[in-house]
2 protein chains.
Amino acid sequence: MTGAPPALRRLASLAPLDTWSFEAIDAALAKSQKIRRRRDILGEGKPIAGAQLLVRGWAARVKIFADGRRQFLSFLLPGDLVGYCRQPAPLAVSTVTTLTEVEICPAPDTAALDTVYAMSAALEEAYLLEQIVRLGRMSAMERIYSLFLELHERLSRAGLVTQTGFDMPLTQEILGDALGLTAVHINRMLQDARRAGLLEVTGGRVQLYDPLALAGQIGREPVRVADVLPTASPD
Amino acid sequence: MTGAPPALRRLASLAPLDTWSFEAIDAALAKSQKIRRRRDILGEGKPIAGAQLLVRGWAARVKIFADGRRQFLSFLLPGDLVGYCRQPAPLAVSTVTTLTEVEICPAPDTAALDTVYAMSAALEEAYLLEQIVRLGRMSAMERIYSLFLELHERLSRAGLVTQTGFDMPLTQEILGDALGLTAVHINRMLQDARRAGLLEVTGGRVQLYDPLALAGQIGREPVRVADVLPTASPD
DNA sequence: CGTCTTGTTGACTATGGTCAAGGCTCGTGG
DNA sequence: CCACGAGCCTTGACCATAGTCAACAAGACG
């Protein structure tokens, strides 16, 4: 599984996949389409055609105010679902926009994938709750640690963490709009964190020197949504 | 439908109900159990036995830090589902605690209710996103207006809004922990809002003098998750 | 090369937090 | 019937975290 595409790795880590599902995912991945940076995949209030699977690149759910204020709700990473809804005639409740060039494909649909998608949806909700806690009751520094640990955890499921570091194509402006802070303040906090020897952000890459210590410092536990621990696939 | 129980009114407003579903809901409501104030219905990290329906009273999803900080994630109102999950062996990702004495019953399970529950879950997600926006990018005053408008909208679905006002059993401390503010600041903002003639909070009851004007002031639109508008049942 | 985007830094400001005291209401028990 | 205490609300004085504004630097890219 080590060499498998990140999106497949993530899905396979959520629940056992049968042969049909593997083939369905392979077939879907082969139909991937490129989308350029800064394009909207879904528009707030517009109908959703069908669920899609993010294959490569980063996207984000975002709400934009009439006066220009912006709030990122969550980041979408390889293996995440976009527009997966179970009600009829669904409307997007937030815009989904690409942060990098991206590849997406229609989400494959087999019976065995129901559980995988349910797990995925449950995780998504858990991370939304984490985001609420960050914004509501954490200091600027804690918000940064918490977000980086979440990204670390989620990317490791897709096999995209290497040596405690990962690529993160987010500007300080975007981090600010995700964490309810200004880009200036993000900048200062990142420098403090670097000077404290806890992490480093350079050239689109994040290094967490000791993720467990960082998690301990802010009292963060890994997210779990089911009793059968959905682990990242072993290497 | 006007005289129907609030929980039934809410469910019926989400999607058409067939006769079986009506009967199943009636039968479930008859099995309601009382739970006292300040009791936990679900515990963070603990297994969830099955979905339940909140019949009467208020509850809340909450996360509590080791150092005592507290963040309310959402409020649960009559007709809301508690612990509705589609993955196997689900674990609660947040504590659910009662804010008043409450009645709950097992969530009835018929085929026609699948759509209702999907709508309910979609709405719940939409309100979580609204909460993120509040905490991330709104001023103290805007957060208060936004929350009250959300409660107004949700309670009206269950028929619990009378003359632009509704009962709200929340202390200023709880409002603070929901809105990422302190109780002291909530107090000051509520007084400013009252002096501005926009709303009044007295003795567990909220009066919004002009909900539409308030919504306009903060640029809020009613939440919609499907193209077939799920309206509150007409009186 | 210019231009655009992103990151960095400093000086100053403001929104909301903290701490502390006192008041009101209501339920309980003497 | 009244005294007491708990919980909640209110207010004031002071403080701190993060925001604003502005200028400049460093790359990236045509």
Would you say the side chain of [Y] lies within less than 4.5 Å of the side chain of [X], judging by non-hydrogen atoms?
X: Leu198(A); Y: Tyr209(A); result: no
X: Arg194(A); Y: Thr202(A); result: no
X: Glu44(B); Y: Val93(B); result: no
X: Leu81(A); Y: Leu53(A); result: yes
X: Leu99(A); Y: Phe75(A); result: yes

What is the distance, to the nearest angstrom, from the [atom1] atom on [X] to the [atom2] atom on [N]?
X: His185(A); N: dA14(C); atom1: NE2; atom2: C1'; result: 14 Å
X: Asp177(A); N: dG7(C); atom1: CG; atom2: P; result: 13 Å
X: Met168(B); N: dC8(D); atom1: CE; atom2: P; result: 13 Å
X: Leu170(B); N: dG7(D); atom1: CG; atom2: P; result: 18 Å
X: Glu173(A); N: dC4(C); atom1: CD; atom2: C1'; result: 14 Å
X: Leu175(B); N: dC9(D); atom1: CG; atom2: C1'; result: 13 Å
X: Leu181(B); N: dT18(C); atom1: CG; atom2: C1'; result: 14 Å
X: Ile186(B); N: dC8(D); atom1: CD1; atom2: P; result: 15 Å

Check whether any side-chain N or O of [X] sits under 3.5 Å from a backbone N or O of [Y] as a donor-acceptor pair, and report yes or no.
X: Ser32(A); Y: Glu103(A); result: no
X: Glu130(B); Y: Glu150(B); result: no
X: Asp177(A); Y: Ile174(A); result: no
X: Arg39(A); Y: Arg37(A); result: yes

Using the closest heavy atom to pick a nucleotide of DNA chain D for each, name whichever of Arg143(A) or Val184(A) lands nearer the 5' end. Arg143(A)

Using a cut-off of 4.0 Å on non-hydrogen atoms, how would the nucleic acid contact of Gly180(B) be classed: base, sugar-phosphate, or nothing? sugar-phosphate

With a non-hydrogen cut-off below 4.0 angstrom, is Arg37(A) in contact with a base, only sugar-phosphate, or nothing? sugar-phosphate

Counting only heavy atoms and a strict 4.0 angstrom limit, can you tell me which residues of residues 187-206 of chain A come near DNA chain C? Asn187(A), Arg188(A), Gln191(A)

Please list, by residue number, the residues of residues 133-141 of chain B whose heavy atoms come closer than 4.0 Å to an atom of DNA chain C; answer none if no residue qualifies. Ser139(B), Ala140(B)

Is the shortest side-chain N to carboxylate O distance from Arg69(B) to Glu142(A) below 4.0 Å? yes

Cationic N near anionic O, under 4.0 Å, Glu125(B) to Arg61(A): yes

dT5(C) phosphate, OP1 or OP2: any side-chain N/O from Gln172(A) under 4.0 angstrom? no

Any side-chain donor paired with an acceptor under 3.5 Å for Arg205(A) and Thr162(A)? yes

What protein N or O atoms touch nucleotides 22-24 of chain C N or O atoms at under 3.5 angstrom, if any, and at what distances?
none

